[in-house]
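One structure is given here, and the rest of the page talks about it.
These numbers were taken from a predicted model, which means no experiment stands behind them.
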Amino acid sequence: MHLRRWPPLGVPGTILQWVRTVAEDERAAEAALIERGATLLPGDNPRHKAGTLADGISFVWEGHSEGSSLAIFVSRADTACFHSPEQCADLAPLIAWAEAMPGEVIRATRIHLAADEACAQAVVDATGFDPLEMVSCHVGAGSRLWSDFRVQPDGYGRLVIAANGAEPHDFSRLVKRVQELGNYRNMALIGLPPARAAWPTLNAVEAQLRELGAQVSDPAVTDDRLLADLSDLSLELVSVATSVNYRMSATAAYARLVEERLDELDVKPIAGFQSLSEFNRRRFLPAVRTCAALTDRERQLSLRAQQLSSLLRVRIETRIENQNAQLLGSMERSVGMQLRLQELVEGLSVVALSYYAISLVHYVLKGLETRWHFDEAVVIAVLIPITVLAVWALVHRLKHRLLGGSDGH
């Protein structure tokens with residue numbers, strides 16, 4: 001919660017700053033180098049260390065979520081510390097010490113601090129800024145900066161800032177905000193290469209989604225093939241999202257910090273020069289929008305893949321319902337056939353039972369015929385229809401009783 005300030009900046013002077021991304025397993029080596037190469041001021045904040053490196057040379061190290069920054073402050077009027085500090089006898093070993101820190105350098109900057117614009121102009125002329133890329137504007141209460149924001153062959157960018165009467169503490173805060181603006185801008189731009197690399201993959205995914213969308217309505221394409229292709233496509237989208245989402249979110253967060261620093265600097269343009277606001281709008285915002293567009297596009301494609309998956313499920317469910325309807329129709333025909341067979345068997349059963357009943361009666365009548373002398377054939381003829389009707393009635397009564405008992409349960 002405590003502010004991590006830079007020391008009050010005297011003018012003229014020079015600041016050398018390095019911003020790095022540092023892995024967690026490199027943190028211990030970085031801390032050991034700082035403690036071994038510097039005299040630290042008392043402090044218990046593990047993410048902010050300050051101290052001295054030599055007479056008239058101090059430093060501030062700050063730890064951040066993804067890396068760290070190291071600034072060396074040289075209180076000296078000699079512009080050689082700005083133009084070629086590696087040739088200064090006392091600065092060369094300090095630069096070697098700073099450049100030996102672990103991590104990947106994201107931004108390295110040399111800043112010359114001048115008392116006023118007249119003193120700064122001579123340094124600006126000697127620095128060789130690209131006139132077509134020159135950025136110059138007033139910041140804060142009246143200070144002015146110059147830069148082309150280009151990395152020179154030695155790997156450093158250069159800024160010249162004129163205090164124009166600013167109080168040392170205020171000037172220190174102002175310069176720190178200018179540097180934070182550039183540092184956060186570079187950290188945000190880490191997301192641009194992954195966004196560009198992922199864009200062709202999303203193009204291919206979108207083309208495959210269009211093709212799959214057309215195939216969903218094609219009955220010749222099997223459900224299994226569609227489901228396998230859609231699963232592969234969804235896995236590819238998940239892979240893209242996993243690889244870029246964190247970086248894109250970080251870019252959006254850094255971009256908001258850049259906007260905040262711009263507002264705090266209260267930039268005032270100067271006729272004939274690009275201002276920081278214009279430079280940011282032209283050179284930085286398109287990259288941020290590209291990253292935001294990638295995130296939005298990945299989400300839209302994921303949503304379309306989900307919608308296509310829903311359509312495929314509807315197709316599969318519809319096909320299953322049609323198959324179930326065909327199966328029910330087949331079962332209905334089978335049940336009808338079984339009912340007709342049952343009725344046929346029932347008719348044959350009535351005939352068979354009637355036949356066996358008449359046969360039994362025939363034997364009885366045959367025994368009685370010798371005693372009472374009647375015509376057996378006539379009696380059998382009379383009993384046949386009566387027996388058939390009785391057997392039919394008995395079978396239907398039993399059938400009704402059985403079916404009625406089942407329905408009752």
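Taking the six-membered ring for Trp, Phe73 and Trp6 have ring centres closer than 6.0 Å.
Residues Val244 and Ala198 share a closest heavy-atom pair of CG1-CB, 4.2 Å.
Side-chain N/O atoms of Gln17 and Asn183 include a donor and acceptor closer than 3.5 Å. One side chain, Ser309 or Arg313, offers a donor N or O that lies under 3.5 Å from an acceptor on the other.
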Inset, instruction - Take Ser302 and Glu298 through the test side chain to side chain donor-acceptor pair (under 3.5 Å) and record every step on the way to the result. - result: CA-CA 6 Å; Ser302 296; Glu298 182 272 323; 3.0 Å; yes
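When side chains are defined from C-beta on, Phe273 does not count as touching Glu278, because their heavy atoms never get closer than 4.5 Å. No side-chain heavy atom of Asp148 sits under 4.5 Å from any side-chain heavy atom of Phe279.
When each of Glu30, Glu62, Arg20 is checked for a side-chain hydrogen bond (donor to acceptor under 3.5 Å, both in side chains) with Ser68, only Glu30 meets the rule.
Here CZ of Arg173 is found 13.0 Å from CG of Leu265. Values are rounded to the nearest 0.5 Å. The OG1 atom of Thr14 sits 9.5 Å away from atom CD1 of Ile111, with the distance rounded to the nearest 0.5 Å. A distance of 8.0 Å separates CZ in Arg47 from NE2 in His64, rounded to the nearest 0.5 Å.
By the side chain to side chain donor-acceptor pair (under 3.5 Å) test, Glu104 is found to be paired with no residue, residues two or more places apart in sequence or in another chain being considered. Looking at residues two or more places apart in sequence or on another chain, you find a salt bridge (charged side-chain N to carboxylate O under 4.0 Å, His left out) between Asp229 and Arg225. Legend: residues meeting side chain to side chain donor-acceptor pair (under 3.5 Å) with Arg299, ordered by chain and number and at least two apart, are absent.
The existence of a salt bridge linking Lys176 and Glu264 is excluded, since no basic side-chain nitrogen approaches an acidic carboxylate oxygen closer than 4.0 Å.
Other residues, nucleotides and ligands contribute over 12 non-hydrogen atoms within 6.0 Å of the CG atom of Asn322. Summarising the local packing, CH2 of Trp97 is surrounded by more than 12 heavy atoms from other residues, nucleotides or ligands at distances under 6.0 Å. In Arg196, the CZ atom is not crowded: 12 or fewer heavy atoms of neighbouring residues, nucleotides or ligands sit closer than 6.0 Å.
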